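All of these numbers come straight from a predicted model, not from anything done at the bench. Per chain, numbering begins at 1; letters A, B, ... match sequence-line order. Every heavy atom of this structure was used, including side-chain atoms; hydrogens, water molecules and symmetry mates were not.
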Amino acid sequence: MPSIPGSGLAKGLAVTLRTMTRKSVTHQYPEALPELPPRTRGVIGLFEENCTVCMLCARECPDWCIYIDSHKETVPAAAPGGRERSRNVLDRFAIDFSLCMYCGICIEVCPFDALFWSPEFEYAETDIRELTHERDKLREWMWTVPEPPALDPGAEEPKEIGAARKAAEKAGKLAAAQRQEQAQAQAPGREREQEGGE
Amino acid sequence: MTFAATVATAATAATATSTHPAAPAAGPGFLSPTGVEIAFVLVGLVTFGAALVTVTTRQLVHAALWLVVALGGLAVEYLLLTAEFIAWVQVLIYLGSVVVLLLFGLMLTKAPVGRSPDADSGNRPAALAVAVAAAAALVWVVVDAFRTTWIDLGGPAQGSTEVTGRMLFQNWVLPFEALSVLLLAALVGAVVLSRKRGASDGGHGSDKERQR
Amino acid sequence: MNDALDVALRLVVVFAVFLVVPLVVGQTEHKVMAHMQGRLGPMHAGGFHGWAQLVADGVKFVQKEDVVPAEADRRIFQLAPAVALLPYLLVLVAIPIGPGEGAVGQVVDAGIFFVLAVMGVGVLGSLMAGWASANKFSLLGGLRTAAQLLAYELPMLLAAASVAMAAGTVSLPGIVGAFEWWWLPWQIVGALVFFVAGLAELQRPPFDMPVADSEIIFGAYTEYTGLRFALFLLAEYAGIVVLCGLTTVLFLGGWHGPFGADGLGWVWTLLKTAVLAFVVIWLRVSYPRLREDQLQKLAWTTLIPLALAQIALTGIVKVAIA
């Protein structure tokens with residue numbers, strides 16, 4: 001197919017002109033916040049109540065960017081005559097985000113679901129030392145953690161729900177069995193009453 | 001209102017003299033200089049000074065730039081004499097092309113910033129003698145030829161494009177054509193010179209080199 | 001005294017135009033180029049769609065330190081931006097935007113020669129900058145500038161000569177006054193050659209080899225900072241205004257338009273100039289930079305023969321009409 005000389009030049013002009021008439025894709029960031037996907041790795045939030053100070057996260061962190069301080073407290077016996085228990089109390093939980101490489105290992109290893117990914121990302125500081133964020137800040141970020149996305153239809157149900165459901169079913173069966181037993185226990189009596197009445 | 005007239009007006013305003021210089025009643029003379037004449041002399045002095053610096057400075061590029069000032073001063077002189085066309089052609093050809101070519105050459109040879117030690121040839125006295133002789137001859141010829149010719153700066157421009165064109169193509173056609181033939185010859189000569197080497201080793205030679 | 005006042009007023013108006021219109025072109029370039037690349041361009045400075053971006057840039061440039069390299073030729077280095085900028089101011093004086101004496105800064109008898117001559121002087125600024133910076137990149141930029149100017153001055157002159165032949169005058173208002181609509185197809189080749197050569201003389205993309213940033217940083221302007229650098233940029237945009245205005249006046253009939261009242265001729269001139277300025281920006285966005293040899297080849301083997309052919313055509317038609 002012979003091309004007209006200069007058609008390439010015209011095509012170049014046409015491309016730019018067409019692009020100009022289209023809406024541009026730029027998002028005006030500070031005015032319009034981005035819509036981030038639910039699993040965005042923005043920053044790590046801490047749900048303090050779940051933390052048992054097991055130190056797994058601090059030990060697994062490849063960057064050694066998690067600082068944890070704690071002390072032991074003795075809890076008086078719950079019931080009279082019982083034994084006193086001791087438990088760990090969290091004093092400090094800080095993450096140095098100038099070291100963090102957002103690998104998420106701490107979140108993976110936490111056995112009690114105390115750490116979460118938050119899509120929050122506007123935490124830049126003018127001094128690198130201020131990037132070490134303490135637990136109050138991490139707690140604030142906890143409230144920005146989105147709900148976990150729904151499971152795929154037909155997915156295997158989560159273990160927790162499965163266990164709870166099994167327990168519920170078991171309890172239900174037990175209750176049903178008991179009811180049946182009761183019913184059976186009552187039924188012969190009724191027969192006897194009937195017989196006695198005749 | 002032409003550009004030259006504006007320049008004249010500005011010069012007049014500066015020196016606070018009459019707008020219409022050569023008043024016909026008094027007749028032109030040397031003793032009562034008008035604003036345009038004063039401007040002419042001043043620009044002439046600047047041009048002369050720039051030309052002097054051009055040939056005496058030891059910094060090559062400075063010399064070229066002083067040449068710009070000198071040539072531009074000449075253009076202003078033409079303007080003051082109401083020869084607009086010649087003035088702009090002067091700027092176009094000399095400032096726009098010749099000096100650019102000169103600077104191109106200087107840059108190509110990497111003219112250093114600062115003084116060039118070998119910019120002086122030791123022929124200063126001879127050069128001075130030749131220059132003074134040439135200047136004297138030119139001044140003598142010009143003064144002798146135009147001693148009593150006065151340009152009426154107040155009337156219609158005598159150097160406008162139309163007048164220049166009429167003069168050129170009515171009275172001076174033969175020199176004009178001779179000059180154009182000369183330039184054409186130079187052009188053809190340049191093409192021949194630049195092609196000669198290309199034909200001997202460029203035509204076949206380059207093919208061979210490409211095959212190698 | 002009234003005469004002097006008139007001259008002063010005209011000069012003030014021309015100076016205002018000189019300061020404002022290049023900024024408008026620059027801002028348009030920001031926005032048009034952005035949208036042609038799927039961006040938005042400046043959005044914040046001044047509030048409404050970043051209209052004051054170039055004002056902000058100017059303030060920034062003024063605040064910057066004015067650095068002169070130690071090895072540089074100080075005086076020429078400092079003088080160069082003025083030499084680059086002032087010629088365009090002078091040219092603007094001579095461009096008529098409407099019929100009559102009121103719509104032109106100053107009627108120049110040999111208008112075309114004046115305009116082209118003074119525009120050629122502007123390039124001296126780049127050459128001075130290139131040499132005086134004492135920098136190899138600057139020197140290369142200066143060399144390329146000179147080579148480009150030498151190559152493209154000729155076709156530009158020839159194209160302008162063609163239109164002067166057609167009009168029978170070299171005065172700019174005279175040329176527009178003699179314009180007829182059928183000049184457009186008659187002089188179209190000349191117009192294209194003039195516009196392309198003018199672009200090359202301004203070193204606008206795709207002819208920006210002398211300032212090719214990927215090779216020689218910013219050519220002759222590499223060492224400049226602050227206000228002097230801003231002056232070079234202003235010279236570039238003033239050059240666009242001058243080139244578009246000249247093309248309008250010479251080839252597109254200036255204040256002549258298909259309709260509109262007599263007093264509104266200047267609107268046509270401005271409109272045509274604006275469209276041409278848009279084309280300048282459009283070309284910048286669309287095309288890659290020409291290589292140095294392509295650049296020279298285009299001038300010597302395409303534009304000059306085309307311009308000569310245009311002159312021949314103009315001559316033939318002119319004789320046929322007469």
Residue of the set B:Trp88, B:Phe85, B:Tyr78 for which ring pair (Phe, Tyr, Trp, His ring centres under 6.0 Å) holds with C:Phe113: B:Phe85

Part of C:Leu157 within contact of chain B (heavy atom distance under 4.5 Å): side chain

Max heavy-atom pair count under 4.5 Å with chain C, selected residue of B:Leu108, B:Leu92, B:Ile93: B:Leu92

Side chain, backbone, both or neither of B:Leu103 within contact of chain C (heavy atoms, under 4.5 Å): side chain

Region of C:Val123 in contact with chain B, defined by heavy-atom distances below 4.5 Å: neither

Pairwise distance OG(B:Ser97) to CG(C:Leu154) - rounded to 0.5 angstrom: 8.5 Å

Evaluation steps, side-chain contact (heavy atoms from CB on, under 4.5 Å), between B:Val61 and C:Met128: CA-CA 9 Å; B:Val61 175; C:Met128 286 162 68; over 6 Å; no

Heavy atoms from other residues, nucleotides or ligands near CD of C:Glu71 exceed 12 (cutoff 6.0 Å): no

Chain B contact via C:Ala147 - side chain, backbone, both or neither, heavy atoms under 4.5 Å: both

Check: B:Gln59 and C:Asp73 side chains under 4.5 Å, non-hydrogen atoms: yes

Non-hydrogen atoms of C:Leu127 and B:Met107 that approach each other most closely: O-CE, 2.9 Å

Between CG on residue C:Leu124 and CG on residue B:Leu65, distance to nearest 0.5 Å: 7.5 Å

Proximity breakdown for B:Leu106 and chain C, heavy-atom pairs closer than 4.5 Å: neither

OH/B:Tyr94: more than 12 non-hydrogen atoms of other groups inside 6.0 Å: no

Proximity breakdown for C:Leu150 and chain B, heavy-atom pairs closer than 4.5 Å: side chain

Residue among B:Leu95, B:Val100, B:Val91, B:Val89 with most heavy-atom pairs under 4.5 Å to chain C: B:Val100

Contacting region of C:Leu143 [heavy-atom separation from chain B under 4.5 Å]: both

